[in-house]
Structure formats: structure tokens, C-alpha cells
A.B. asks: 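The structure's right below; bear with me while I get my questions together.
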Protein chains: 2
Amino acid sequence: MTPARRPTLADVAKAVGVSAKTVSRVLNEDGPSSAETRKRVLAAVAELGFQPNLMARSIRVGGPDTTVGLVVPDLSNPFFGAVASGIEEVVDDRGLMLLMGSSQDDPGREHTLTQTFLARRVSVLMVVPSVGADHTHLKAPRAAGMPVVFIDRPGSGLTTDTVVSSNRAGARTGVARLIAGGHRRIGFVGDLPTRLYTRRERMAGYREALAEGGLPYDRRLVASAHHPEGSAEATARLLALPDPPTALLAGNNFMTLGVISELARAGRKDIAVVAFDDLPMAESLQPGLTVIAQDPKTLGVSAGRIALRRMDGDRSRAQTLTIPTRLIPRGSGELPALNGVRSGV
Amino acid sequence: MTPARRPTLADVAKAVGVSAKTVSRVLNEDGPSSAETRKRVLAAVAELGFQPNLMARSIRVGGPDTTVGLVVPDLSNPFFGAVASGIEEVVDDRGLMLLMGSSQDDPGREHTLTQTFLARRVSVLMVVPSVGADHTHLKAPRAAGMPVVFIDRPGSGLTTDTVVSSNRAGARTGVARLIAGGHRRIGFVGDLPTRLYTRRERMAGYREALAEGGLPYDRRLVASAHHPEGSAEATARLLALPDPPTALLAGNNFMTLGVISELARAGRKDIAVVAFDDLPMAESLQPGLTVIAQDPKTLGVSAGRIALRRMDGDRSRAQTLTIPTRLIPRGSGELPALNGVRSGV
DNA sequence: ATGAAAGCGCTAACAA
DNA sequence: TTGTTAGCGCTTTCAT
């Protein structure tokens, strides 16, 4: 059997015995219509299971689609899930939906995705830029009225609204805490690539704190990894140094998993840890994990608000909004520098 | 200044001095075109920053939109992020994108979302059904060729492809493990509402295991909560019973957070725990958390594969696919029933 | 209060 | 190899 064709406005019109325009009027509460016609039209709509074709509507009206295009590196990363949730919360009231795609942090994929979004005439484009991606192709659409917002990292080749976390200050605060606890050798386990904006900023904050504490920067105390497994290995290497760190800064949620896992495996309860990003069971670890919490939902909410303002005609200068991070002390960052006392300068 | 209008196919055609159809041919690699024209067309496209309007295309071609509509309860829940990621992985090759919306487990919102998706003519509709939601309105579109897949829970009022986890067997295996360890009083901390499919199934598995182990079902050992905080309180109540459980089954990831948090707070290392859903730091807890791991990504991948098969014309009977869960022993489920020996029958 | 005709941006079908 | 015409499903404009 051939599948039943989806009914169109014309089908409804024919069924009722009126013109298509009349049906359109009833459904959109456009011009006037008699109670009688209205009733019969609605009956036919229900009867036929008619669904107006929103694409056809968009075409005719000429306006943009009712979607927000969002490019994230990884759909399964809870951080970006929270961002998406924040965006949705804000744009939902305006009838906008989320069209999402993941770039895998690949500039090529990111470009393909943004092009597709443009072709789909999204109302708003939001991007978590990949390292090495260029965004010059977004200039014209933006000039034509489509808001573009960068999230979590600045974009390149386009000046537009941007929402990021206070990465540098957060890292500095966390490391300062460790220094205040007496630690003098503090390691940093960061993610890759090292050119990644958040990595660079957190690294910068780490170095600032060291400088402020009068501690030397020792590049041997800095390790990097892609995955939790790599992070665990990196942690092991750091602890095997002749003059090992007594405290660690974990650079993001994945790095933290590796650091914690290795410390647990090695039974090293003496190593202080401050971690970037809060994690679900952080407070149930022993000791509890001291974190620099980001606020991904607020990143999304802010991005959404800015976009709506732009859609409402705000033509002011592009702004960069920095969402504060928050140090949550839970124990692991408050461990005294016992080893530090022994092996320090 | 009035924003520049986005260029259309006609604009490109005029700029090059050819017909619209020729431009269309070049861009879609439809019929033949001379190398010369092709070059000039592409130049003009780049020059004007032309982006074909995909919605107009869809309308003309008559086919569905190139999107997969996905309704999940909560975008920020990593479980559904993983599901989404699995779907995307599969449908990406076919040029399909994810259009997502969250229902907050509200049947009304779910209905609105699915209606919007229908109006947008999504190629595929995937839904994690809310308790109490009805899906009869999806019958016609499905008959008209739009695949509908239920994920994680069965839908209602529509027979269609469904992908779920082996909730019952998983729970049974987990509880059997505890019984094998000598536990005779085993509590269950489940989520709400109790009518939720996954909750019911896991509860059923819990009871099956008790029965198989020759243990009585004691409803006082069953507690429920919405949030981790509630789960923590529920756990405390269970442990305060005159004849308290010596082991607990945590019903999902949020419940687990509460259980673990309360046990840590109370310093109860003697309570055995098996938890539904794996969690990032489960192995770093002390003892490591024994879990019944679901495979949300595979849920998504399977749903995607089924949908593609349907799009390719598969008209076979609707199938229900059950994705296995996997018990991962890490210590917390292997604790001996010390209290059980003392206070058991 | 309702309808007829034109057109949104694009492509199928048929010429040339 | 290229162009012309018509039409997707809807809404705008202008009549009636």
C-alpha cells in the first residue's frame, strides 16, 4: 500500500468547501471569520489530522526559521548538555527550538555544521568554537540580522557576542588556596590541545597564582592528556618525579577523573587536589573534592538572553560576558603540605 | 541601516547571467554543466555569500525535512546526552540533524513538542515518553511514512519500534548478587513517580530476586524520591528502621547520588550498595561503587539504525529491542552482610 | 466575511 | 549544455 499523503491546507479547504485562505485565516487567527466556518474548519482539521507545514510557512513569510542552531564539541559531555538546557530554558518562550550538532572539536565539521545551519535559516547561531576554526563566513549572515553567539571560547575572524567562564581567575583562586595551605610544589594536569582557550586561560591563572605566591614556574610540573586514562598516567608521572608535587590542579572534568582515579589507585591520600568543574559525586569522595565550579547552565541562559535581545533589534557593540566560577572547598584542597614541608626548599 | 537581504538563487543567476535552474544544477550536481559556467556560478556564490534555502528546497522536493526530532525529559541529564550522541552518530551519515526539545516529563509539553516536530516535517520522530502521555496522534504520520521510535520507555496508544534497557534483569542480577553475599534485608531507593516504566521494571526485578532468594518482600524497605536530596533522606530513614537493611539497591543515577552521599555523611561503610547506572567517579569511591551499567549510547545508536531502516522502506512489524545492562563489581556490592548475620532471621 | 491571484525560493518536467 | 514553465504549501494583496 502507498502511504497516505499528509493533508494540506487545500485538502482541508476542499473538505469544508471554502478557500484555502479562509482555513489559513482560521488557523492563524488572522482576519475575521464567522463562528460557523471556524467550527467547521477546526472539525475538518481534526478529522484529517492536518498539520500546517511550517517550512512552507517560513518560505512565504520570509522570516527566519524558528530554531536556534547550536554547535557543541560533544553532545554526550554533560557540560554542554547543561549549556543546551540553559539556552532552551530561555528561548522556549519565544517558540524557538534547538537544532544541535557536534563538531568533535574538528574545525571542518564545525564549518559544515554552521553552513548547514545557515542554509536552514536558523534564527540564531550559537557555537562552541573548535581550535583552528575560522568564522569569517558568519559575518554576512550576522550583518543580515542573524545573531551569532560564541560560547565557552572566543571565535575567530568575527567580532560578536561571547559568553565564557572566568577560567583564569578561577584557576588562580584555586592555586592560591593550595599555596595558602603551604604547598610549594603544585602540579597542573591540563587537557589537550594546549592551544585550547580554556586550557590556556587556566594555565595562565595557574602561573599567575604561582607568581603571586613567589613560587617558581616549573614546567616539569605541567602535564597534559586527552582522556581520563591519559590523565591518570600523567598524574603517576608527576608523582614519580624526584621532587614531586604535593598538590595538583586538575584542568577539567575529564582530567579530574584521571587524577582522582590514580590517587585512589596509588592510595595517595596525602596529595591535595583542586579540580576545575564540579562533578556529581565530588562531595562523597574521601576527602571531598575541592572544585572550581563552572556554571554551564548560566552560560547557556546568558547566551540565550543576548541572542533574544539581538533579535529584538539591539545593535549595540558586541559584548563578552564572563560568568564567574566558584571555589567549593570540600577537603581535598585543604590538605596540609606535609610532603612540602619535608621536600620543599 | 536596513540589514542586507540574504541572496537567493535568482540573485546568483542574475549576477552570472544564467537561469536559476542552471545555478541549481551546478550546486546540486544535477544535470550537466560546462566547466566554464560552473566556475562562474561558484565564483558568484562565494562572492555573494549565497546559501541555498533548504526549507524552500524541501518544500519543492516534497520530501521530509532533514531532521530527527528528539524529545527527552531533560537536556542536562547526561544519560539523554549519551542517547542523543548515539543517535547523531548514526544519522549523521544520512545528512540528518538533531532537533531537540525537553519535556520535563510533562505529557502536555511532550505533546506540544511532538506536534511542533510534525509541523516541521521531521524525517524521524524519537520520544522518551512521559508518564501519562498519549501518542495516538502519531499514528497517521507514522502511517504516512515517518518512523517513530520510543526510547528508554514504551509509548502509549501507538505500536511502534521501541528501544529499552534490560531494567528488570539488571535489577534482578544486582539484587541476586547482594543475596549471594549473605544479605537478607535489602532496601530499594527508587525514583518517582512509581508508575514510571523504568522504576516499575527495576522494582519488579528487585522483587523477583528476593523471591528467587527465598526472601520476603518487605515494603518498609522500599523508599522513593525525586532528587538526590530526597534520596539521601530516604536512605537515612531506611537505616533508622528497627530492623534496617544491610544492603541497598539505588534505582537510578540521581538516587545513587543521594544514597552515596548519605552513607558517606553517616560514615556507614558497612552498607552494601548496588546502583543502577554507571557514574564517572564510581570506581574512585571507597569502596568502589558496584553498578548495573546501562548503555545509553547504544540505546541511541539502535534507535537510529531502526529509524534508518524504516526510512529505507522496512515495513516489518514493530519491534522492541532490549539493550543489555551489565553488572560491574567494584566493591560496594561485595561487602559481607555483617549486620545481616547479627540482626537477620 | 470570504475568495482569487500572485509569489516566497526552489526544483521537476519538459523543451530547445 | 541551458532555459522555460509550472508548482510545492503556504500567505500576502487586493477584490468582492
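In what follows, chains carry the letters A, B, and so on, assigned in the order in which the sequence lines appear, proteins first and then strands, with residues in each chain numbered from 1. These numbers come from a predicted model, not from an experiment.
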A.B. asks: Do Thr160(B) and Arg142(B) have a side chain donor and acceptor closer than 3.5 Å?
C.D. replies: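 Distance-only check passes for Thr160(B) and Arg142(B).
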A.B. asks: In whole Å, what is the span from the CG atom of Asp65(B) to the P atom of dC8(D)?
C.D. replies: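 Taking CG of Asp65(B) and P of dC8(D), I get 19 Å after rounding.
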A.B. asks: Nearest to the Leu9(B) side chain among dT11(C), dG9(D), dA12(C), which nucleotide is it?
C.D. replies: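 Taking heavy atoms from C-beta onward, the closest nucleotide is dT11(C).
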A.B. asks: Verify the distance criterion only: is there a donor paired with an acceptor across the side chains of Ser33(B) and Arg25(B) at less than 3.5 Å?
C.D. replies: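 No, Arg25(B) and Ser33(B) have no side-chain donor paired with an acceptor closer than 3.5 Å.
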A.B. asks: OP1 or OP2 of dT2(D) versus the side-chain N and O atoms of Ser34(B): is any pair under 4.0 Å?
C.D. replies: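 Yes, such a contact exists.
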A.B. asks: Among dA4(C), dC10(C), dT12(D), which nucleotide sits nearest the side chain of Ser19(A)?
C.D. replies: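 Within the option list, the nearest is dA4(C).
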A.B. asks: Side chains of Gln104(A) and Ser102(A) only: does a donor on one sit below 3.5 Å from an acceptor on the other?
C.D. replies: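 Per modelled atom types, Gln104(A) and Ser102(A) side chains form a pair under 3.5 Å.
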A.B. asks: Respond yes when some side-chain nitrogen or oxygen of Thr22(B) is under 4.0 Å from OP1 or OP2 of dG3(D), and no when none is.
C.D. replies: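 For dG3(D), OP1 or OP2 has a side-chain N or O of Thr22(B) closer than 4.0 Å.
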A.B. asks: Could you tell me whether the phosphate oxygens of dT1(D), OP1 or OP2, come under 4.0 Å of any side-chain nitrogen or oxygen in Ser33(B)?
C.D. replies: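 The answer is no; no side-chain N or O of Ser33(B) sits under 4.0 Å from OP1 or OP2.
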A.B. asks: Round to a whole Å and report the spacing from CG of Leu27(B) to P of dC10(C).
C.D. replies: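 One finds 9 Å between P of dC10(C) and CG of Leu27(B), rounded.
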A.B. asks: Describe the nucleic acid contact of Thr37(A) in one word from base, sugar-phosphate, nothing, applying a heavy-atom distance below 4.0 Å.
C.D. replies: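 If one applies the 4.0 Å heavy-atom cut-off, Thr37(A) turns out to touch the sugar-phosphate alone, with no base involved.
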A.B. asks: Which nucleotide in the list dT2(C), dT11(D), dT2(D) gets nearest to the side chain of Pro32(B)?
C.D. replies: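 Looking only at heavy atoms from C-beta outward on Pro32(B), the closest nucleotide is dT2(D).
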A.B. asks: Regarding Asp105(A) and Ser103(A), is there a side-chain donor-to-acceptor distance under 3.5 Å anywhere?
C.D. replies: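 No, no side-chain donor-acceptor pair sits under 3.5 Å.
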A.B. asks: If you check the Arg5(A) side chain, which of dG9(D), dT11(C), dG3(D) turns out closest?
C.D. replies: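 Looking only at heavy atoms from C-beta outward on Arg5(A), the closest nucleotide is dG9(D).
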A.B. asks: Considering only dG3(D), dC8(D), dT12(D), which nucleotide approaches the side chain of Arg25(B) most closely?
C.D. replies: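 For Arg25(B), the side-chain atoms sit closest to dG3(D).
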A.B. asks: Between Asn53(A) (CG) and dT11(D) (P), how many Å, whole number?
C.D. replies: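 Spelled out: CG on Asn53(A) to P on dT11(D) is 10 Å.
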A.B. asks: Examine dT12(D): is either OP1 or OP2 under 4.0 Å from a nitrogen or oxygen in the side chain of Arg60(A)? Give yes or no.
C.D. replies: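 Indeed not, no polar side-chain atom of Arg60(A) lies that close.
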A.B. asks: Nearest to the side chain of Lys21(A) - dC10(D), dT12(D), dC10(C)?
C.D. replies: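 From the listed options, dT12(D) comes nearest.
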